[in-house]
Amino acid sequence: MENNFFSVIDRDGDARLGILKTPRFCADTPVFMPVGTQATVKGMLPRDVADIGFPIILSNTYHLYLRPGHELIRKMGGLHRFMDWRRGILTDSGGFQVFSLKDLRSISDEGVTFKSHIDGSSHFFSPENVIMFQESFGSDIMMPIDECVPPDASFSYVESSLKRTHSWAFRCLKAKTTDQRLFGIVQGGMYGDLRKISAETLREGNFSGFSIGGLSVGESKELMYDVLGLTTPHIPFDKPRYLMGVGAPDDILEAVERGVDMFDCVLPTRTARTGTFLTADGKIVIKNAVHKYSAEPVEAGCDCYTCANFTRSYLRHLFMVDEMLGPQLATIHNLAFMYRLMKNIRTSIEQKKFRVFKAGFLERYNNKAVIKQ
RNA sequence: GGGUAGGUGGCCGAGUGGUUAAUGGCAGCAGACUGUAAAUCUGCCACGCAACGCGUUGCGGUGGUUCGAAUCCACCCCUGCCCA
């Protein structure tokens with residue numbers, strides 16, 4: 001079953017152009033996957049997400065397990081049908097919640113015990129049941145449960161955590177009963193040696209792809225790029241590489257340059273909800289007073305519904321009066337921006353001009369143009 | 001005209017002798033957000049300045065009591081409600 005899932009079709013340096021294919025979707029890579037944690041990309045109709053062009057989105061096992069429950073989703077015909085998203089879905093396992101809800105969980109070799117952030121009730125996540133939950137969802141790509149360690153974790157802690165994460169990954173592989181794809185997750189904290197060990201250990205398993213976890217968790221960007229650069233060379237060339245939770249446009253460019261194929265991040269959707277628009281000239285905080293009388297679109301030349309129809313002045317107004325259309329229109333734009341970024345990245349790789357594109361993009365993105373009134 | 005309640009920083013509204021340039025909330029200004037406990041969180045918000053400190057003015061007005069008043073007293077001005 002591995003033959004058609006992923007293929008690298010072109011390269012420019014270490015940057016790769018590829019195709020990721022399952023019966024449900026076909027994605028050109030590098031690809032960005034919007035995040036829909038609770039079976040919805042917040043504020044977006046599935047139709048709008050599809051219209052922008054995204055072939056695959058992310059959802060989350062921990063959150064869907066708590067509400068509405070994997071049994072319910074299974075009975076409702078699976079996650080795709082439940083949320084009316086017919087393209088690809090990658091589900092995270094709850095590994096990130098091992099990190100983000102660290103005060104509400106405890107880890108043992110057997111698995112992770114969570115106290116629900118909703119009602120305090122106790123729940124146990126094991127490699128086996130996390131696969132079972134994701135099989136109930138019917139997600140196209142599943143993640144194993146893993147421990148995402150904080151950036152300041154010691155070498156010895158990460159070393160022992162890594163062994164557990166690896167054993168969990170192989171137990172997930174064993175527990176799998178469907179042809180849904182399962183990735184291995186490379187961890188190793190900020191230690192290059194451990195990253196290498198992690199990748200080399202996991203490549204022994206029959207994983208469909210490799211996630212890179214535990215980055216962008218509070219470390220500096222430079223460190224993240226360094227660690228990433230010490231990781232990707234050890235991941236099999238012919239398997240997709242997914243940098244979990246990243247990222248910002250500059251991070252994505254740096255990661256693509258280091259051979260990453262897949263990304264997801266809440267940044268475009270979350271910042272949209274708080275009034276920050278991503279543009280080629282950097283971020284725009286729409287509530288800033290300079291936009292009060294601006295009849296300009298958020299981003300000139302953007303073909304998204306928001307930019308095609310609304311002025312900065314109007315968008316600012318929506319945010320000032322706290323109307324829900326504001327976050328919705330902002331999310332549409334930010335996702336369209338991310339989609340366009342990825343498309344441009346792919347084109348530049350195809351034309352063997354990735355580095356030129358990257359340099360040009362970053363120069364413009366980081367040197368905020370004077371905001372036009 | 002009589003009675004009564006009240007006048008606090010852009011607005012609402014705490015505070016009724018001393019950690020008070022004055023709690024809160026709203027509005028305003030700015031910032032953050034990276035496998036989503038986020039339509040959330042943080043900072044600023046009298047005026048002036050050589051400004052992480054100093055100075056000035058300050059709780060309707062004017063006087064007064066007091067070591068010290070937004071807080072107590074006197075008079076005045078204004079507003080709401082009730083009765084004529």
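What you see below is based on every heavy atom in this structure, not just the backbone, and it leaves out hydrogens, waters and symmetry mates. Naming: A, B, ... by sequence-line order, numbering from 1 per chain. Everything quoted here is computed from the prediction, not taken from an experiment.
Considering only side-chain atoms of A:Thr269, the nucleotide from B:U34, B:U36, B:A37 that sits closest is B:U36. Considering only the side chain of A:Ile185, B:G35 comes nearest among B:G35, B:U34, B:U36.
The stretch residues 102-129 of chain A touches RNA chain B through A:Leu104, A:His117, each having a heavy atom under 4.0 angstrom from the strand.
Counting only residues at least two apart or on different chains, the ring pair (Phe, Tyr, Trp, His ring centres under 6.0 Å) pairs with a member in residues 127-152 of chain A are A:Tyr65-A:Phe133, A:His70-A:Phe133, A:Phe125-A:Phe133. Annotation: side chain to side chain donor-acceptor pair (under 3.5 Å) contacts involving residues 36-60 of chain A, sequence neighbours excluded, comprise A:Asn60-A:Gln97. The list of side chain to side chain donor-acceptor pair (under 3.5 Å) pairs with a residue in residues 224-236 of chain A, not counting sequence neighbours, reads A:Tyr225-A:Asp251.
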Can you give me the N/O atom pairs linking the protein to nucleotides 27-29 of chain B at distances under 3.5 Å, or say none if there are none?
{"from": "B:C29", "atom 1": "OP1", "to": "A:Arg316", "atom 2": "NH2", "distance (Å)": "2.9"}
{"from": "B:C29", "atom 1": "OP2", "to": "A:Arg316", "atom 2": "NH2", "distance (Å)": "3.4"}

Enumerate the protein-to-nucleotides 39-45 of chain B contacts in which both atoms are nitrogen or oxygen and the separation is below 3.5 Å.
{"from": "B:A39", "atom 1": "OP2", "to": "A:Arg273", "atom 2": "NH1", "distance (Å)": "2.8"}

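Every residue was checked against the side chain to side chain donor-acceptor pair (under 3.5 Å) condition with A:His317, not counting sequence neighbours, and none meets it. For A:Phe310, the ring pair (Phe, Tyr, Trp, His ring centres under 6.0 Å) partners at least two apart in sequence or on another chain are A:Tyr305, A:Tyr314. Legend: residues meeting side chain to side chain donor-acceptor pair (under 3.5 Å) with A:Arg81, ordered by chain and number and at least two apart, are absent. Residues passing the side chain to side chain donor-acceptor pair (under 3.5 Å) test with A:Arg105: none are found, sequence neighbours excluded. Residues meeting the salt bridge (Lys or Arg N to Asp or Glu O under 4.0 Å) test with A:Asp140, sequence neighbours left out: A:Arg24.
Look at A:Gln97 and you'll find a side-chain N or O under 4.0 angstrom from OP1 or OP2 of B:A37. An OP1 or OP2 oxygen of B:G35 is reached within less than 4.0 angstrom by no side-chain nitrogen or oxygen of A:Thr37.
Using C1' as the reference atom, B:C52 and B:U57 are 23 Å apart when rounded to the nearest Å. Using C1' as the reference atom, B:G18 and B:U66 are 12 Å apart when rounded to the nearest Å.
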| said: Could you walk me through whether A:His291 and A:Phe277 satisfy the ring pair (Phe, Tyr, Trp, His ring centres under 6.0 Å) test, starting with their C-alpha distance in whole Å, then the side-chain angles of each, then the deciding distance to 0.1 Å, before giving a yes or no? | reply: CA-CA 12 Å; A:His291 303 118; A:Phe277 287 71; 8.8 Å; no

| task | Go through the steps for A:Glu254 and A:Arg258 under the test salt bridge (Lys or Arg N to Asp or Glu O under 4.0 Å), then give the verdict. | result | CA-CA 7 Å; A:Glu254 295 294 340; A:Arg258 290 163 176 77; 2.9 Å; yes

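Heavy-atom nearest nucleotides on RNA chain B were determined for A:Gly213 and for A:Val285, and the one closer to the 5' end corresponds to A:Val285.
Just one of A:Phe183, A:Phe6, A:Phe170 meets the ring pair (Phe, Tyr, Trp, His ring centres under 6.0 Å) condition when paired with A:Phe207; it is A:Phe170.
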| note | Secondary structure of RNA chain B per the Watson-Crick/G-U criterion (both distances under 3.5 Å; [ ] crossing, | other strand, . unpaired) is ((((((((.[[[..)..(.....]]].(((((.......))))).((((...))))...[[[[[..)....]]]]]))))))).

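Residue A:Lys221 qualifies as enclosed at atom NZ: its count of foreign heavy atoms under 6.0 Å is above 12.
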